[in-house]
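One structure below.
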Amino acid sequence: MKTFTTLATLLLLTGFVGFGQTKTSGTMNATTFKTFAIDHNGTEMPYHVKVVEQRKYPRDMENKDLKTEAAKVTKLIAVDSDNDNVYEHYLVLKYNKSVTDSFEVVPTEKGFAVKVNDKSMEYFVGKGIYFINEKDQDFFTVEEFKEIG
């Protein structure tokens with residue numbers, strides 16, 4: 001029994017020492033829902049936007065200086081334009097977050113815009129296309145795809 005206790009204690013201590021010397025990162029996940037309306041032949045048609053966000057905060061526990069790095073932000077933007085609870089179009093938007101970023105989804109005349117500080121990407125509902133200003137091309141990375149399944 002004494003040997004078992006000694007062995008168990010040794011394994012636990014080794015496990016904690018090994019765990020303390022690994023690289024770790026923090027993550028954050030969030031989901032937001034927005035409903036906007038667009039004029040379609042004189043009729044106001046609602047559409048839904050779901051934004052699923054994931055941030056990864058890198059942190060190197062071996063580095064004593066603990067230099068801060070920008071979080072890697074990934075947002076899955078799902079658009080349902082025909083109000084049937086099935087999202088028809090998906091965008092994966094990626095960018096590096098700075099400390100003072102402000103993210104918002106705002107309605108436009110033909111869809112919505114994603115704004116991160118002074119950078120923006122516009123999505124046209126019904127056409128299923130997006131547009132990024134030329135000066136913002138290096139900031140956003142966008143992958144798009146239609147229905148899943």
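- Within the 3.5 Å criterion, the main-chain N or O of Ser102 finds a donor-acceptor partner in the side chain of Asn117.
- For Asp39, the CG atom sits in a packed shell: over 12 heavy atoms of surrounding residues, nucleotides or ligands are nearer than 6.0 Å.
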Please report, to 0.1 Å, the donor-acceptor pairs under 3.5 Å made by any side chain of residues 128-136, with sequence neighbours excluded.
from: Asn133; atom 1: ND2; to: Ser120; atom 2: OG; distance (Å): 3.3
from: Asp136; atom 1: OD2; to: Ser120; atom 2: N; distance (Å): 3.0

Would you mind writing out the side-chain donor-acceptor pairs for residues 41-48 within the sub-3.5 Å range, not counting sequence neighbours?
from: Tyr47; atom 1: OH; to: Gly111; atom 2: O; distance (Å): 2.6
from: His48; atom 1: ND1; to: Thr35; atom 2: OG1; distance (Å): 2.9
from: His48; atom 1: NE2; to: Asn83; atom 2: OD1; distance (Å): 2.9

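- Within the model, atoms NZ of Lys94 and CD of Glu143 stand 4.5 Å from one another, a figure rounded to the nearest 0.5 Å.
- Thr32 has its side chain out of reach of Lys50: every pair of non-hydrogen atoms, C-beta onward, lies at least 4.5 Å apart.
- The minimum heavy-atom distance linking Gln54 with Asn29 is given by the pair CG-OD1, 3.1 Å.
- In Lys119, the NZ atom is crowded: over 12 heavy atoms of neighbouring residues, nucleotides or ligands sit closer than 6.0 Å.
- By the criterion of side-chain heavy atoms lying less than 4.5 angstrom apart, applied directly or through intervening Ile, Leu, Val, Met, Phe, Trp or Tyr residues, Val92 is grouped together with Tyr87 in one hydrophobic cluster.
- Contact check for Leu76 versus Tyr90: side-chain heavy atoms found under the 4.5 Å cut-off.
- Atoms OG1 and OH, from Thr108 and Tyr123 in turn, are 11.5 Å apart once rounded to the nearest 0.5 Å.
- The minimum heavy-atom distance linking Val86 with Asp80 is given by the pair O-OD1, 3.1 Å.
- A cation-pi geometry, defined here as NZ or CZ lying under 6.0 Å from the six-membered ring centre and within 45° of its normal, holds between Lys75 and Phe103.
- Nearest heavy atoms, Phe112 versus Ile77: CZ-CG2, 4.0 Å.
- Going from atom CD of Glu109 over to atom CD of Glu122 covers 9.5 Å, rounded to the nearest 0.5 Å.
- Phe140 and Val116 make their closest contact through CE2-CG2, 4.0 Å (heavy atoms, listed as atom of the first residue, atom of the second, distance).
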